[in-house]
Student: 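After the structure tokens below, expect a handful of questions from me.
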Amino acid sequence: MTLFWVLLVAVIVGAGVVAVRRRRRPRLATPLVRQAMPEVLVTEVAPIPTLLESAVASAPASLESRLGASRGIFDRVRSLGSGTLSETDLEVVEEVLLRSDVGLATTTALLDELRTNGAPDGVASAIRAALNASFVADRSVRTAADEGRIAVWLFVGVNGVGKTTTIGKLAARATSAGQHVVLAAGDTFRAAAADQLALWAERSGADIVRAAEGADPGSVIHDALGRAQARGADIVLADTAGRRANSTNLLDELAKIRRVADRLPGQVVETLMVLDATTGQNALSQAKEFLAAAAVTGIVLTKLDGTARGGIVVAIERELQIPVKFVGIGETVDDLIDFDPTAFVDSLLS
Amino acid sequence: MFDALSARLEKVSQSLRSRGRLTEADLDNALGEVRTALLEADVELSVVRAFLDAVRVRVAGEDVATSLTPGQHVIKAVHDQLVEVLGGSALKVTYAAKPPTVILLAGLQGAGKTTTAGKLANWFKSQGRQPYLVGTDLQRPAAVEQLRVLGAQIGVEVYSEPSNPVEVARKGVAEAIRLGRDVVIIDTAGRLSIDAALMAEVRFIAGAVNPHYTFLVIDAVTGQDAVHTARAFHESLELSGIIVTKLDYDARGGAVLSARGVVGRPVVFASTGEKMGDFDLFHPDRMASRILGMGDIMSLIEQAERTMDADVMADSTQRMLAGQFTLDDFMTQMNQVRKMGSLGGLMKLVPGMNKEMRDAASNIDDGHLNRVEAIIRSMTPKERRDPSLIDGSRRSRIAKGCGQTVNDVNTLLKQFDQMKKMMKTMGRGGMPQMPGGGKMAQMAEKLGAARGMELPEGFEALGAGMNAGGAGGLGPRPAGGAGGGQKGKKKKGGRVTPPKTR
Ligand SMILES: Nc1nc2c(ncn2[C@@H]2O[C@H](COP(=O)(O)OP(=O)(O)OP(=O)(O)O)[C@@H](O)[C@H]2O)c(=O)[nH]1
Ligand SMILES: [Mg+2]
């Protein structure tokens with residue numbers, strides 16, 4: 001129906017232009033009687049209620065110390081009863097989840113689970129159990145390719161989420177474990193993207209293959225595979241340009257990049273979608289689209305060192321079964337940790 | 001961008017439209033839907049609550065003695081409140097009496113500050129100003145390099161040096177003065193609102209250069225965190241406004257409402273793509289209409305007037321509605337429309353489009369259209385005027401001539417034929433079935449409904465389009481409405497938006 005759309009726009013625009021020209025005359029504005037509204041609609045944002053009975057105990061030291069500052073403790077939950085849940089209890093739970101970006105649909109589903117199962121050991125542990133049950137996927141990472149092939153990790157995601165930075169951190173991790181890493185500067189679109197990756201290569205002691213801006217990303221990755229083979233490297237980490245997830249063209253381009261990376265001698269063993277923890281409900285469509293286009297095998301949740309909680313990954317794990325594998329907690333080389341569901345759930349509720 | 005929100009509110013408005021009188025329960029119900037819509041669109045919880053309270057006050061406080069149905073009454077209240085929260089009317093950018101006007105950009109990591117700095121400079125350039133860029137992001141690898149590349153692309157000089165951000169900002173402004181530039185845009189490193197050291201740093205930058213405008217750059221897909229961030233930056237920097245980026249992503253956009261809701265400063269600019277030109281002033285009233293699913297006819301027409309040859313357009317529209325539409329006309333129209341930008345973007349502005357329709361349109365790329373054009377171009381003029389001449393052998397000749405398959409040619413001809421019929425029905429005032437299940441009639445109804453309302457700013461054109469009747473054939477014709485498009489004044493040239501390719 002290509003033609004139809006073009007024509008529809010044409011008709012509407014044609015008609016509109018004609019109409020406006022005929023009608024263009026000063027129009028007496030009918031002033032809307034408006035009540036005075038305050039300039040600032042909301043001055044006080046309620047602190048996030050907490051559902052934790054005790055402080056986070058199981059979080060790894062680095063996450064616990066980095067997560068943090070603004071997560072005020074507000075324990076209304078202590079007063080919440082156990083056994084049968086009252087609507088007020090559920091409202092507190094709802095508020096906590098909504099404020100963590102878990103999303104309305106998932107929150108409603110979790111509340112329904114609570115209603116059905118009750119909370120014999122208190123609301124906090126009931127909701128914690130329900131959340132923990134959302135993280136069941138296998139989150140092991142594959143580092144080795146089949147015999148005779150070179151392992152490729154492909155990084156995908158929307159603009160500015162932290163793809164390049166994550167590659168830098170993972171490269172450092174791998175080189176310090178004695179691996180030979182080749183970085184492929186597959187973002188040939190954004191200005192100075194390859195320069196950015198090159199600095200990370202320097203920092204981490206990895207090799208880098210890059211091409212001029214505007215070059216074909218597939219061929220950069222192809223060249224990186226060639227380099228990796230020639231030098232006997234262990235793994236290729238391939239960067240891609242940030243792209244919106246609602247463009248078929250950009251997704252097709254990504255699918256093509258993945259195919260090239262998966263061609264001999266390469267083998268894509270992980271496709272990691274990088275997700276910014278500040279992202280709201282749009283993250284779910286990002287995950288769906290990238291999963292369909294590039295067969296995403298895991299998520300890297302970045303910027304958890306900020307005030308955002310990244311609760312949307314609960315919905316992603318429940319609906320799409322894509323496991324979160326790594327968490328970004330800062331801008332330096334060491335600020336990357338493995339994802340720990342229990343610690344994450346605790347931090348969501350605190 | 002606000003698609004999801006629009007869809008919800010569309011549902012509310014439809015359920016209310018049929019009611020005669022609004023009961024308290026109806027209102028609760030409607031506001032419940034609005035709450036869901038806002039939450040699904042990522043509006044922050046406190047902002048949602050405040051919004052609903054304000055709508056309730058509006059509904060109760062306003063005079064019902066207008067011609068509005070109760071449903072329209074609620075929708076209007078929601079609309080007005082949206083406009084209010086989104087910032088009244090667009091902010092007028094004024095320039096410092098003693099140049100340069102200094103603009104500071106701040107925000108979280110990855111919000112799009114550097115690209116925005118480039119776009120903003122480009123925008124000022126198009127306003128006849130002489131902007132100057134200063135890159136103080138010495139933190140992220142190659143951030144300054146990125147700014148330099150963008151600067152070179154748009155022909156704006158960039159200042160930076162590897163000292164420290166405050167120093168760079170100070171020297172940058174001094175350099176702009178020396179060079180006689182009238183607008184200075186300072187890009188800063190991304191920072192978390194809870195990073196005390198970096199927040200202090202950006203305050204020092206502000207202290208050193210005394211910006212006339214400080215803008216928070218915020219990503220449209222941000223969730224509940226938007227308020228924390230906006231409030232923290234506002235407390236440290238006293239923002240003058242917000243720039244929202246990535247509005248070309250699908251759905252949501254509630255962050256705009258949240259940030260605006262806590263900061264109380266307008267959203268000034270919006271960024272809608274990766275190209276330097278995908279950037280313009282933010283129009284709250286139009287955005288509110290979009291949220292309500294009423295499209296944004298005014299922007300569409302403005303864009304059309306900038307880029308199209310209105311005469312050509314009017315002629316072919318007229319022929320089309322008379323059922324005398326040829327493939328030549330079609331090609332002309334297609335090329336006019338292409339000048340306006342991507343089809344997906346345009347469809348967003350059309351009222352009454354549902355998500356599937358918009359998605360279908362946004363998936364049509366330049367390649368598609370090029371192929372269509374190639375097929376038409378390899379027909380003879382006679383064939384273009386009368387496609388019924390095209391028999392089997394002509395088909396294969398055409399296919400060969402343009403390097404497409406015979407099947408492609410067949411599809412095109414078939415579609416063209418269907419379209420022609422459809423347009424003829426429309427020309428007679430009928431309502432053809434649209435693909436994707438939607439009906440033209442629904443669209444017309446929407447336009448009609450809008451007409452019954454007190455039209456907010458920007459809606460006049462919509463009403464006018466309705467009354468013009470014959471030209472559009474989209475809505476009910478007023479009795480004795482003049483038929484056909486009239487010729488407008490010849491207007492050539494104008495800005496041509498290059499089709500999106502990437
Ligand atoms: N605080 C914090 N910042 C991060 C984290 N990860 C990345 N960043 C920052 O986020 C910004 C964007 O990161 P990039 O790595 O350039 O993101 P990208 O996805 O490669 O961006 P594009 O290639 O432009 O789409 C940079 O300023 C990074 O330093 C994180 O875990 N925490
Ligand atoms: Mg990158």
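By convention in this document, chain letters (A, B, ...) are assigned in the order of the sequence lines, proteins followed by strands, and residues within each chain are numbered from 1. Source: prediction; values computed, not measured.
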Student: Checking Ser193(B) against chain A: side chain, backbone, both or neither under 4.5 Å from a heavy atom?
Tutor: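 It is the side chain, since no backbone atom gets that close.
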Student: Please flag which part of Glu94(A) lies under 4.5 Å from any non-hydrogen atom of chain B: side chain, backbone, both or neither.
Tutor: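 Contact with chain B: side chain only.
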Student: What part of Asp276(A) gets closer than 4.5 Å to chain B, counting heavy atoms only: side chain, backbone, both or neither?
Tutor: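 For Asp276(A), the side chain is the part near chain B, not the backbone.
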Student: Distance-only, no hydrogens or angles: does the Lys169(A) side chain make a donor-acceptor pair with backbone N or O of Gly330(A) under 3.5 Å?
Tutor: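 Answer holds: yes.
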Student: Assess whether side chain to side chain donor-acceptor pair (under 3.5 Å) is satisfied between Gln196(A) and Gln146(B), documenting all intermediate values.
Tutor: CA-CA 9 Å; Gln196(A) 186 185 352; Gln146(B) 184 186 352; over 6 Å; no
Student: Tell me every residue that passes side-chain contact (heavy atoms from CB on, under 4.5 Å) with Val300(A), counting only those two or more places apart in sequence or in another chain.
Tutor: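 By the side-chain contact (heavy atoms from CB on, under 4.5 Å) rule, Val300(A) matches Thr166(A), Leu272(A), Val274(A), Thr302(A), Phe326(A), Leu336(A).
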Student: Would you mind checking which part of Arg35(B) comes under 4.5 Å of any heavy atom in chain A, side chain (CB onward), backbone (N, CA, C, O), both or neither?
Tutor: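 Just the side chain, heavy atoms under 4.5 Å.
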Student: Under 4.5 Å between any side-chain heavy atoms of Met273(A) and Phe155(A), yes or no?
Tutor: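 Result no, sub-4.5 Å side-chain heavy-atom pair not found.
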Student: In terms of heavy-atom pairs under 4.5 Å, which option from Thr164(A), Leu199(A), Asp101(A) contacts chain B the most?
Tutor: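 Top count of heavy-atom pairs under 4.5 Å with chain B: Asp101(A).
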Student: If you look at every heavy atom in Lys113(B) and Leu108(B), which pair is closest and at what distance?
Tutor: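 Smallest interatomic distance, heavy atoms only, reads NZ-O, 2.6 Å.
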Student: At a 4.5 Å cut-off on heavy atoms, which part of Leu104(A) comes close to chain B: side chain, backbone, both, or neither?
Tutor: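 When you check distances to chain B, only side chain atoms of Leu104(A) fall under 4.5 Å.
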Student: Between Leu147(B) and chain A, with a heavy-atom cut-off of 4.5 Å, which part of the residue counts as in contact: side chain, backbone, both or neither?
Tutor: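 For Leu147(B), there is no contact with chain A at all, as no heavy atom is under 4.5 Å.
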Student: Arg203(A) versus Pro141(B): any side-chain heavy-atom pair under 4.5 Å?
Tutor: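 A side-chain contact under 4.5 Å exists here.
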Student: Can you tell which part of Arg140(B) gets under 4.5 Å to a heavy atom of chain A, answering side chain, backbone, both or neither?
Tutor: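 Only the side chain of Arg140(B) comes within 4.5 Å of chain A.
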